[in-house]
**Student:** 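Take a look at the following structure, please.
All ligand and atom numbering here is 1-based and tracks the order in the structure. None of the values given here were measured: they were computed from a predicted structure.
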Amino acid sequence: MKSAKVAKVDGKFDLDLNEIAADKSISHRSAMFSLLSDKPSKVRNFLRAEDTLASLEIAKLLGAKVEDNQREITIIPPKVLSEPFEILDCGNAGTGIRLYCGLLSGVDGSFILTGDKYLRSRPMARVVKPLKEIGAKIDGREQGNKAPLHIRGAKLKAFKYSSPIDSAQVKSALILAALNGDDKSYYKESLLSRDHTERMLSGMGATVKEVELNGENWIEIEPLKEPLKPLDIRVPADPSSGFFFAVAAAITNDSKVVIKDVTLNPTRVEAYKILQKMGANVEFLEKENIYEPIGDIVVSSGELKAVEVSSNIAWLIDELPALSIAMAVANGVSVVKNAKELRVKESDRISSVINSLKLCGVECKESEDGYEIIGGTLKSATIDSHGDHRVAMSFAVAGLLCGMEIEDIECIDTSFPNFFEILSRIVGVEFEDRTS
Ligand code: S3P
């Protein structure tokens, strides 16, 4: 097991960050959606982290060929997806397993999807249940709620599904299944979750569009009549990864970061808006629009005050751990509500964040669907990541104020392998490997 000791920051910093990890959601989708074309897709700045490389490996096991000249990967899809000889291992990635589940449900063949011990503990019924209702043949532990999952590709029926949870993974799995349906399908969620699937598939020529039915917004999906156009994309930087450094600048006196070439998709930048509401200075500078609006986000420190977060939770789900660090040093009592989904992420993020903050001397309490944090001062502590990359990186950033030891940091490689390289530009970091 590896651990990192982050020193207390000495003074201020002002950094342009060109090297924030590429977007994880868009990278997963690039690997998968390239299989829906009959021509090679070109992807620049693909995220070379464990989660997304697992999705690319699965594309290969399904018959794709991948050429990589380091600057760009070319994914050459097979004519027909082939039944793989191997088990398809999604690693730690909920996005990987749930989207592949939808994509493969309607493909002729037998497929086994699995992942690491954390992924195998996470709920899959949210995709398996609606997929089975339209004819998918999926089984797994706990009647298909836990991986390993076995899929036997089947003929899928069209559906009209109003999802009980706002989840881009569930939505994307159902949209991918609908492309193999026998008629037009309709999907609805109460808050628009991240919409990379809709944007990318429409860009590739699929009919995935918003329609109004009886005064409600639904997504209409038409089954594919022919292969889609290939992707030609440069993956922007990941705003969820950039957010750790946004918080770093927000909590350190007189400091500033510019997060370069990041997606400014409105479903992805809500946490920056909350940070702004708390008193940090935040500016969004849009530069281009390729599938998504892309530009720079400038964040500098400010006097932070407490905030209540109870809406748009699906837009904050990956950033709440880091936002909690800002809450811990803000003036007043911050409250997070309606965030039960945090309990089924890479760890139970409500208890991993709250128990770790308590170790840092912060007064806080958890409830079933959220928590309360009384802003104050952070103390140095030894924090267990609980195998959750976002918990590990959030407390590493907290270390800037007081020094911190983070244990079990390997999980950071699932999304942001160069995180400590960037953090080392701000502060000293020492590593220890206690594996043997
Ligand atoms: C993701 C969706 C979110 C997010 C995850 C990536 C995606 O999960 O937490 O990191 O790429 O679709 P849910 O959709 O399950 O909330």
**Student:** Give a yes-or-no answer on whether the side chains of His28 and Thr52 include a donor-acceptor pair shorter than 3.5 Å.
**Tutor:**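 Checked: His28/Thr52 side chains show no N/O donor-acceptor pair below 3.5 Å.
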**Student:** Which of the numbered atoms in ligand 1 are below 4.0 angstrom from a heavy atom of Asp318?
**Tutor:**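 What qualifies from ligand 1 is 4 (C), 5 (C), 9 (O), 10 (O).
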**Student:** May I ask you to identify the nearest protein heavy atom to atom 14 (O) of ligand 1, giving residue, atom name and distance to one decimal place in Å?
**Tutor:**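 Checked against all protein heavy atoms, atom 14 (O) of ligand 1 sits closest to Ala168 N, 2.7 Å.
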**Student:** So for Arg194, does at least one of its heavy atoms come nearer than 4.0 angstrom to any atom of ligand 1?
**Tutor:**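 Arg194: in contact with ligand 1 (<4.0 Å).
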**Student:** Are the ring centres of Phe244 and Phe395 closer than 6.0 Å?
**Tutor:**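 Between Phe244 and Phe395, the centre distance exceeds or equals 6.0 Å.
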**Student:** What atoms in ligand 1 come closer than 4.0 Å to a heavy atom of Ile317?
**Tutor:**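 Listed by number with element, the hits are 9 (O).
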**Student:** Is the closest basic N to carboxylate O distance between Glu19 and Lys260 below 4.0 Å?
**Tutor:**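 Salt bridge absent between Glu19 and Lys260.
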**Student:** Going by distance only, is there an N or O of Ser167 that falls short of 3.5 Å from an N or O of ligand 1?
**Tutor:**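 N/O-N/O distance below 3.5 Å exists for this pair.
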**Student:** Determine yes or no for a side-chain-to-main-chain donor-acceptor pair under 3.5 angstrom, with Asn312 supplying the side chain and Trp315 the backbone.
**Tutor:**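 No, the answer is negative, given that no donor and acceptor are paired below the 3.5 Å cut-off.
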**Student:** Within the 3.5 Å criterion, strictly below it, is a donor on Asn145 or Glu142 matched to an acceptor on the partner's side chain?
**Tutor:**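 Yes, Glu142 and Asn145 have a side-chain donor paired with an acceptor closer than 3.5 Å.
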**Student:** Below 4.0 angstrom from a heavy atom of Lys345, which ligand 1 atoms are there? Numbered from 1 as shown, please.
**Tutor:**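 Listed by number with element: 3 (C), 4 (C), 8 (O), 9 (O), 13 (P), 15 (O), 16 (O).
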**Student:** His196: heavy atom below 4.0 Å from ligand 1, yes or no?
**Tutor:**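 Not so, His196 does not reach ligand 1.
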**Student:** Verify the ring-centre separation between Tyr186 and Phe159: is it less than 6.0 angstrom?
**Tutor:**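 No, they do not, as the ring centres are separated by 6.0 Å or more.
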**Student:** Do me a favour and list the nearest non-hydrogen protein atom to atom 1 (C) of ligand 1 with residue, atom name and distance?
**Tutor:**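 Heavy-atom neighbour on the protein nearest atom 1 (C) of ligand 1: Thr95 OG1, 3.5 Å.
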**Student:** Using distance alone, decide if ligand 1 has a nitrogen or oxygen within less than 3.5 Å of any nitrogen or oxygen in Arg390.
**Tutor:**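 Looking only at distances, the answer is no, because the N/O contact criterion of under 3.5 Å is not met.
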**Student:** For ligand 1 and Arg29, I'd like to know whether there is a polar contact (N/O to N/O, distance under 3.5 Å).
**Tutor:**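 N/O-N/O distance under 3.5 Å: yes.
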**Student:** Does the ring centre of Tyr100 sit less than 6.0 Å away from the ring centre of Phe111?
**Tutor:**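 They do not qualify: ring centres at least 6.0 Å apart.
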